[in-house]
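We count ligands from 1, going down the list as the structure has it; atoms in each ligand are counted the same way. Computed from a predicted structure; not experimentally measured.
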Amino acid sequence: MAIRIDGKKVSAQVRARVAHEVAALQEKGIVPGLAVIIVGDDPASRVYVNNKKKACAEVGIYSEEFALPADTTQLQLMALVHQLNARKDISGILCQLPLPAHLDEKQVIEAIAPEKDVDAFHPSNVGRIMIGDYQFLPCTPAGVMELLHSAGISPEGKECVVIGRSNIVGKPMAMLLLHENGTVTVCHSRTKDLREVCRRADILVAAVGKAKFVTEDMVKPGAAVIDVGMNRDEAGKLCGDVDFDAVEPVAGAITPVPGGVGPMTIAMLMQNTLMAAKLQNGLSD
Ligand code: GUN
């Protein structure tokens with residue numbers, strides 16, 4: 001039976017560390033600030049944004065929400081980003097994705113000042129990750145690495161398989177595993193014999209967005225299985241990309257959904273916002 005990697009516990013540890021550092025900064029008169037932009041009324045985005053604001057309040061980060069109507073124009077959104085780039089009290093800017101279809105996400109991401117890009121989505125931050133000379137890491141892959149470290153699992157010399165090649169998770173995830181000397185394979189919808197490739201993995205990261213996609217026959221006995229998915233099953237219950245009940249007896253370690261990677265994403269956002277405030281105030285990290 002696999003050990004369960006407890007994302008709630010590890011995320012609480014990260015947030016406690018951040019809160020401690022935020023308190024020390026406040027003594028120097030510095031308050032990290034996060035601007036959260038949400039456009040429209042997507043219910044999932046609303047939940048994520050509320051959780052992010054709550055986490056800010058808990059660690060002592062100032063947060064300001066900009067809830068814009070669904071018919072906001074590109075020009076209005078760009079004007080807001082430019083205003084926030086110029087504000088001294090805002091250390092980090094996060095625009096919750098996806099945006100309504102008529103808006104150009106790429107243009108918005110590229111307008112956020114790289115030093116305030118706490119999602120690490122800006123091409124300049126993405127490029128820095130590629131060459132291993134980065135400040136911000138994208139929150140979800142960074143959270144996965146933190147979970148692996150907490151469980152004493154090192155990618156060094158291991159076969160690591162990432163299912164999914166999104167810019168937000170799959171691609172940066174592969175890069176972080178590579179930086180820690182894993183042998184990395186990225187699988188996607190055109191991969192031939194996905195099952196066999198996954199079965200090679202000592203560390204298997206599922207970021208596909210399909211409920212219970214990873215079944216026990218895809219997992220090598222003893223492997224660490226990290227589930228980035230956040231889906232609903234047939235009964236409407238929250239579930240990951242991994243069929244947890246079937247895979248748990250085979251895996252060596254596994255993250256649950258909920259309570260695995262999800263809480264880590266928010267903890268890493270807090271860490272990035274703290275780092276942004278420090279860098280903008282000339283304090284090296
Ligand atoms: N939508 C889904 N995940 C994310 C994320 O990590 N950041 C932002 N900004 N939007 C998202």
Side-chain angles (χ1 to χ4, degrees), residues 7 11 14-15 33-56 61 63-68 70 72 77-78 80-81 84-85 90-101 103-126 129 134 136-147 162 164-173 175-176 205-210 226-232 238 240-241 257-258 260-273 275-276:
S11 81
V14 173
R15 282 182 282 122
L34 178 67
V36 183
I37 305 171
I38 175 168
V39 186
D41 43 20
D42 177 60
S45 290
R46 174 39 66 200
V47 172
Y48 293 140
V49 164
N50 287 350
N51 289 340
K52 288 170 184 177
K53 281 164 42 190
K54 195 165 141 236
C56 282
I61 291 176
S63 76
E64 198 169 322
E65 177 183 303
F66 297 85
L68 307 180
T72 298
L77 184 51
M78 294 296 282
L80 173 60
V81 170
L84 294 170
N85 280 342
I90 294 297
S91 338
I93 303 169
L94 178 148
C95 180
Q96 188 64 31
L97 304 179
L99 289 171
L103 294 171
D104 180 351
E105 281 182 5
K106 185 167 168 280
Q107 197 187 32
V108 175
I109 288 169
E110 292 187 17
I112 294 174
E115 66 275 17
K116 295 192 177 187
D117 172 35
V118 285
D119 265 325
F121 291 169
H122 190 287
S124 121
N125 287 322
V126 174
I129 292 161
Y134 48 79
F136 303 119
L137 287 177
C139 302
T140 299
V144 171
M145 297 311 290
E146 199 75 29
L147 284 179
V162 179
R165 55 173 158 181
S166 70
N167 289 332
I168 293 185
V169 183
K171 285 188 214 168
M173 187 74 251
M175 210 47 63
L176 300 196
V205 181
V208 221
K210 287 188 184 155
I226 308 291
D227 191 348
V228 179
M230 189 77 89
N231 315 294
R232 301 264 166 199
L238 201 62
D241 289 348
V257 176
V261 175
M264 292 306 296
T265 298
I266 295 188
M268 302 322 281
L269 174 66
M270 299 300 105
Q271 188 167 295
N272 279 349
T273 307
M275 193 195 298

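Look at Y48 and you'll find every heavy atom at least 4.0 Å from all atoms of ligand 1. The closest approach between a heavy atom of C139 and any atom of ligand 1 is not below 4.0 Å. Ligand 1 has at least one atom lying under 4.0 Å from a heavy atom of D119.
Looking only at heavy atoms of the protein, atom 1 (N) of ligand 1 is closest to L97 O, 2.9 Å. The protein heavy-atom contact nearest to atom 11 (C) of ligand 1 is Q96 NE2, 3.4 Å.
Between C95 and ligand 1, at least one pair of N/O atoms sits closer than 3.5 Å. No N or O atom of P98 sits closer than 3.5 Å to an N or O atom of ligand 1.
Interatomic distance, L99 CG to Q107 CD, rounded to the nearest 0.5 Å: 11.0 Å. Here the CD1 atom belonging to I109 is positioned 8.0 Å from the CG atom belonging to D117, to the nearest 0.5 angstrom.
Taking a cutoff of 4.0 Å between a charged side-chain nitrogen and a carboxylate oxygen, E65 and R46 qualify as a salt bridge.
Side-chain atoms of T273 and S91 form no donor-acceptor pair, as typed in the model, at a separation below 3.5 Å.
Contact of the V228 side chain with the V205 side chain is registered, since non-hydrogen atoms from C-beta on lie closer than 4.5 Å.
Within a 4.0 Å radius of atom 3 (N) of ligand 1, the protein has no heavy atom.
If you run side-chain contact (heavy atoms from CB on, under 4.5 Å) between C56 and each of V36, I61, N51, only I61 comes through.
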